[in-house]
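Written below as structure tokens is the structure these notes are about.
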Amino acid sequence: MRVIFAGTPEFARVALEQLHAAGFDIPLVLTQPDRPAGRGMKLQASSVKQFALEKNIPVAQPRSLRLDGKYPEDAAAARLALEAAQADAMVVAAYGLILPQWVLDLPRLGCFNIHASVLPRWRGAAPIHRAIEAGDSETGITLMQMDAGLDTGDMLLVEKMPIAPTDTTGSLHDKLAALGGRLVVEALELAACGGLSPVRQPEQGISYAHKIEKHEAAIDWTQSAEVITRRIRAFNPFPGAASLLAGETIKFWMATSLPGGVRPYGAVPGQVLAASADGVDIAAIDGVLRVTRLQKPGGKALEASEFLRGFVLTAGMVFSK
């Protein structure tokens, strides 16, 4: 089977690697154009492009696939490349460009999308972040037959996965990426022999995972300890939950809500109650959370015991938004 692959970040690279290892013929990879990154802001290839080049797979990086859009020359060149690939199917994983109808219609078996949620919950750009932020107990991968809507296509394969109380977006991402790679191989093998049975998404339970914005990183200490804790895990590794202390931005990478914790009388939300090797206890509106991994400006993320050796945090100090 000839399979075009479209994807950009590490989540997609894992799936491409699995497809390659399974022996599928991959005549073309689509990925986003190189972007400036790092302190030097040098152009950097996506994870998908790096893997494709290592395996000598042809790569196209159109800025758009809309023939009537802002970059019609890019789209026209991509169309020629896609048509020449003569693919049976196209696999899409976190590509970052909207696929117009002409792309969806091109492969004989259509376009399969690897989506990191159990649809219809968390359609959209940031399903892993939003599932943790919302306190969901489980998530999963949905293999979907793509249509023109936003994650509205028929479901082909679905597998659920529990969200652990300590999961961050980073750790859950890695689990889901591996699951997505396995499921897409299974789906294509079934598609080759006509063994897939598309199922329409339920009409109930639809929710949208809107793109994460940097301003969301600011911790609102008037929220509950549980909500703040979930947001800290959800925004790890990006954009990193943060709060101000004496004009300095401190990032929080891991925290737990203390069971039975009650904000002491007179303590204000954001006030440090204790700081020790076990963690930094901070008052929320309804209780206390213990932060166990922190980062100061220009420093590295450290466990609380190590962080406190180089940064003074004492009871009574107050973090602000």
Side-chain angles (χ1 to χ4, degrees), residues 3 5-22 24 29 31-32 46-48 50-51 90-96 111-146 150-190 196 199 201-202 205-212 216 229-241 253-254:
V3 180
F5 186 86
T8 298
E10 180 65 15
F11 180 87
R13 185 204 65 80
V14 173
L16 177 58
E17 183 177 9
Q18 295 266 31
L19 290 170
H20 185 269
F24 288 97
V29 161
T31 192
Q32 287 272 349
S46 71
S47 294
V48 162
Q50 292 174 37
F51 180 84
M90 182 170 177
V91 170
V92 182
Y95 177 31
C111 299
F112 299 168
N113 179 250
I114 307 171
H115 187 75
S117 80
V118 178
L119 291 170
R121 185 158 178 79
W122 301 129
R123 294 174 177 174
I128 303 176
H129 297 80
R130 299 305 184 191
I132 292 176
E133 183 185 20
D136 291 1
S137 61
E138 65 178 12
T139 184
I141 290 289
T142 302
L143 256 293
M144 174 182 57
Q145 186 88 51
M146 295 183 71
L150 176 61
D151 300 329
T152 55
D154 289 347
M155 301 181 295
L156 302 173
L157 291 176
V158 178
E159 188 163 326
K160 296 180 180 180
M161 173 184 292
I163 299 177
T166 56
D167 265 329
T168 63
T169 288
S171 66
L172 193 55
H173 165 282
D174 293 350
K175 296 176 190 177
L176 289 169
L179 176 58
R182 177 170 65 77
L183 281 188
V184 76
V185 169
E186 182 181 339
L188 290 173
E189 290 172 344
L190 287 169
L196 284 176
V199 176
Q201 292 186 34
I206 297 171
S207 60
Y208 289 91
H210 299 289
K211 180 181 176 182
I212 302 297
E216 295 183 73
T229 296
R230 293 201 306 257
R231 289 173 66 86
I232 289 172
R233 292 191 291 114
F235 298 157
N236 177 354
F238 175 84
W253 294 112
M254 186 58 72

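In this text the structure is predicted, and so the values were computed from the model without any measurement.
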Please examine the side chains of [Y] and [X], heavy atoms only from C-beta on, and report whether any two atoms are closer than 4.5 Å.
X: P202; Y: M155; result: yes
X: I132; Y: T169; result: yes
X: D136; Y: R121; result: yes
X: V185; Y: L19; result: yes
X: T142; Y: D151; result: no
X: P127; Y: T139; result: no
X: W253; Y: T168; result: no
X: T152; Y: R123; result: yes

Of all heavy-atom pairs between [X] and [Y], which one has the smallest distance, and what is that distance?
X: S117; Y: W122; value: OG-O, 3.4 Å
X: D167; Y: K175; value: OD1-NZ, 3.0 Å
X: A234; Y: H129; value: O-CD2, 3.1 Å
X: L143; Y: A187; value: CG-CB, 4.2 Å
X: G140; Y: L176; value: O-CD2, 3.5 Å
X: F112; Y: M146; value: C-CG, 4.3 Å

| said: Could you walk me through whether Y208 and L150 satisfy the side chain to side chain contact (heavy atoms under 4.5 Å, CB included) test, starting with their C-alpha distance in whole Å, then the side-chain angles of each, then the deciding distance to 0.1 Å, before giving a yes or no? | reply: CA-CA 10 Å; Y208 289 91; L150 176 61; 4.1 Å; yes

Could you state the interatomic distance from [atom1] ([X]) to [atom2] ([Y]), rounded to the nearest 0.5 Å?
X: N236; Y: L172; atom1: CG; atom2: CG; result: 12.0 Å
X: E186; Y: E159; atom1: CD; atom2: CD; result: 7.5 Å
X: L157; Y: I114; atom1: CG; atom2: CD1; result: 11.0 Å
X: H173; Y: F238; atom1: NE2; atom2: CZ; result: 13.5 Å

| task | Keeping the roles fixed (side chain from N113, backbone from V92), state whether a donor-acceptor pair exists under 3.5 Å. | result |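 Yes, N113 side chain to V92 backbone: donor-acceptor pair under 3.5 Å.
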
| query | Does K160 offer a backbone N or O that forms a donor-acceptor pair with the side chain of E138 under 3.5 Å? | reply |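 Not at all, since once roles are kept as given, no pair shorter than 3.5 Å links the two residues.
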
| Stepwise salt bridge (Lys or Arg N to Asp or Glu O under 4.0 Å) test for E133 and R230 | CA-CA 5 Å; E133 183 185 20; R230 293 201 306 257; over 6 Å; no

| side-chain hydrogen bond (donor to acceptor under 3.5 Å, both in side chains) contacts in which one or both residues fall within residues 12-21, not counting sequence neighbours |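 Sorted pair list: E10-R13, R13-E17.
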
| said: Which residue is it: V3, L16, V91? I am looking for the one with a side chain to side chain contact (heavy atoms under 4.5 Å, CB included) to F24. | reply: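 Among V3, L16, V91, the one that satisfies the side chain to side chain contact (heavy atoms under 4.5 Å, CB included) with F24 is V3.
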
